[in-house]
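Bear in mind that the values here come from a model prediction, so they are computed numbers and not experimental data.
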Amino acid sequence: MIHVEQVAKRFAAPRSARLGFKRAPAAFVQAVQDVSFDAPDGHITGLLGPNGAGKTTTLRMLAALITPDAGRMTVDGIDVVAQPRATLARMGVLSDARGLYPRLSARENIVYYGVLHGLSRDAANARAESLAHMLEMRQLLDRRTDGFSQGERMKTALARALVHDPAHIVLDEPTNGLDVLATRALREALRLLRTPEGGAKCIVFSTHIMSEVERVCDSVVVVAHGRTVARGTVDELLVQTGETDFEEAFVKLAFVEEQQAVREDVR
Amino acid sequence: MSGLSAMRTTFAVFRKEIVDALRDRRTLMVVLASSVLVGPLVLMALSLFLAGFEARAEKREIVVAGIEYAPSLANYLERQTYTLKPAPADYEARLRAARLSDPVVVVPHDFETALLHGEAPVIEVVSDSANKQAEGGVGRIQRLLAGFNRERIALSLALRGISGELLEPVQLEDRDLASAQTRATQLTGMLPFFVIMAVLYGALHAALDTTAGERERGSLEPLLMNPSQRAALVLGKWAAVACVSMLIAVLSCMSFVPGQWLLQSDNLKALFQFGLHEALMFLVLLLPFAAALSAVLMAVAIRCKTFKEAQANSAVIILAVSLLPLMSIFSEGESAWHLWLPGLAQNALMTRVLKGEGFGAEQVLVPLVVCIALTALCIVFIARRLHQAAVR
């Protein structure tokens, strides 16, 4: 169970690349203004939003990589800011940056993280085997990751994030750069992890691709301009917007300001 | 519990980084070749140069232009068991081009007549101060010719019935206080520099790879999503980098031990004594230095987003470490504060080892404390910067 309540974060904007000694006045970018959602166990929650909506920043705050300016986040009732290591131990995070160590094999990459999570080397190895089976990457396991394809890297990074069999799985745009087959395999894996046999995991998954959400997510959180603008199942959102096409519904929800601006321009 | 898990984390990180560094064969080979082999190779080249110099001194040859005008000088030189060699016609050009490695004695046409008339003919000793080989022989030739002068004086005084001793109311005698090893350090003085550079280049790649490299690959962010203590992660990384650097330090120091067997010059061989004892003294100084240098390089590199940027930034450290030993040349001799500067301290104390003077515990203590403090400071800094660095 992941609970995110009205989190906000702003960053100092990078100074403009202007020559000279005059420093530009301090500017801020409000990356996240007000994002809230609940992700229950045994449930896939989709975080849907256009590029730059604040999805990655929200997930980074959830992974205790950056501290929110406001709001509250808990994992199984444990506060992320107060006890980051306890919450991280309960989560498997596939972040936006998913670099592997090119001189290590896929297995070594996975086992390294397993040991950092407190598993014994043998246990981590056994987990690597079973994850490789689930993600259909057994033949990759003992190859060095240098020269892996985009999809092979993704699978390795995902296995690495899941090595400690976490109850919560947080994935930041996991289908980026994957082909159809790899995307399907990932979808199947996520569906399995959601079921009681798969461990009834709490899965949070950010994307900007509508069809992903329609196919796998049990509920959707629409994020735009750093705010949660709508929550509910796909059907609920269709009803709310009075649309039959989910893409139309999403555009209506996420791009309210842009559409108003266009309308004003037309007038 | 938390201490135990931190130790486990540190060890896991250490193990992974060591495996990673050792698998980077190409870099490792380049570092080994450039830092471990360069010292002994330079020593060998130096010894070849010296051997050639010694051989020429032993050959007792003197290159003279116009010796036919000076039978008396030729007679004197031959009595000193020197072999006279006529100078080539283009000796000036050859000396400039460093193709002639002996100075040339030039005798004027009217040498004998001028000598008879007491007109003090001028004999030139021609050399080129840029031609080190020839320049090295000038002193020997000048002493030889001064001997000729003294003989002539003694003879003419004896003819007049005056004792030659009158011309020398005071006797001069040289007494060189330098021990044999001190004299050798004039030649082997660059050795500490090579060893320090070896330590530096040993640490450089690993230090950059575990910090800026990790950022560039995008693997630092996922690494920090493990429930590990930041200090434990940094400690593991630093330990691995320091280990690689120390390994290079050991190899580099030990390479001089067999390196001296290859010395061509007997003189240098007798003077340069670098045994196991000296190597161990070097290591006492170098191991803490390697640890501190690894931490400093990592602290510089963690601020950089890419490996390339980190390389540019670490150039400052490389420059500082290679220029600091020059301080001992500019300031007069060793000062107490030299021991407080890392790099300079190690250089100064290693030079003492080579001189055969050694050092006491109190002299090692200062650089040791400085190195430990520097390491601790840098590790704390890196641990603090880690999260900031992970988020691009």
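- Contacts with chain B were tallied for I66(A), L65(A), T87(A), V93(A); L65(A) has the most, counting heavy-atom pairs under 4.5 Å.
- Heavy atoms from other residues, nucleotides or ligands lying under 6.0 Å from CZ of R8(B) number more than 12.
- Looking at A89(A), both its backbone and its side chain come within 4.5 Å of chain B, counting heavy atoms on both sides.
- Listed by first then second residue, pairs satisfying ring-ring contact (aromatic ring centres under 6.0 Å, His included) with a partner in residues 204-256 of chain B read H205(B)-F307(B), F256(B)-F274(B), not counting sequence neighbours.
- Contacts of L223(B) with chain A are made by both backbone and side-chain atoms, with heavy-atom separations under 4.5 Å.
- F14(B) CZ: more than 12 foreign heavy atoms inside a 6.0 Å radius.
- The shortest side-chain heavy-atom distance between E221(B) and R98(A) does not fall under the 4.5 Å cut-off.
- Heavy atoms only, all atoms of each residue included: S219(B) and G99(A) are closest at CB-O, 3.3 Å.
- Contact annotation for residues 100-131 of chain A against chain B (heavy-atom separation below 4.5 Å, listed by residue number): L100(A), Y101(A), P102(A), R103(A), L104(A), S105(A), E108(A), Y112(A), Y113(A), V115(A), L116(A), H117(A), G118(A), L119(A), S120(A), R121(A).
- Note on L386(B), L233(B), L224(B), V13(B): by heavy-atom pairs under 4.5 Å with chain A, the leading option is V13(B).
- Nearest heavy atoms, S5(B) versus R85(A): OG-NH2, 4.2 Å.
- In terms of heavy-atom pairs under 4.5 Å with chain B, the best-connected choice from R160(A), H164(A), R144(A), R90(A) is R144(A).
- P222(B) and S95(A) make their closest contact through CD-OG, 4.0 Å (heavy atoms, listed as atom of the first residue, atom of the second, distance).
- Contact annotation: the side chain of M91(A) never approaches that of M225(B) to less than 4.5 Å [non-hydrogen atoms, C-beta and beyond].
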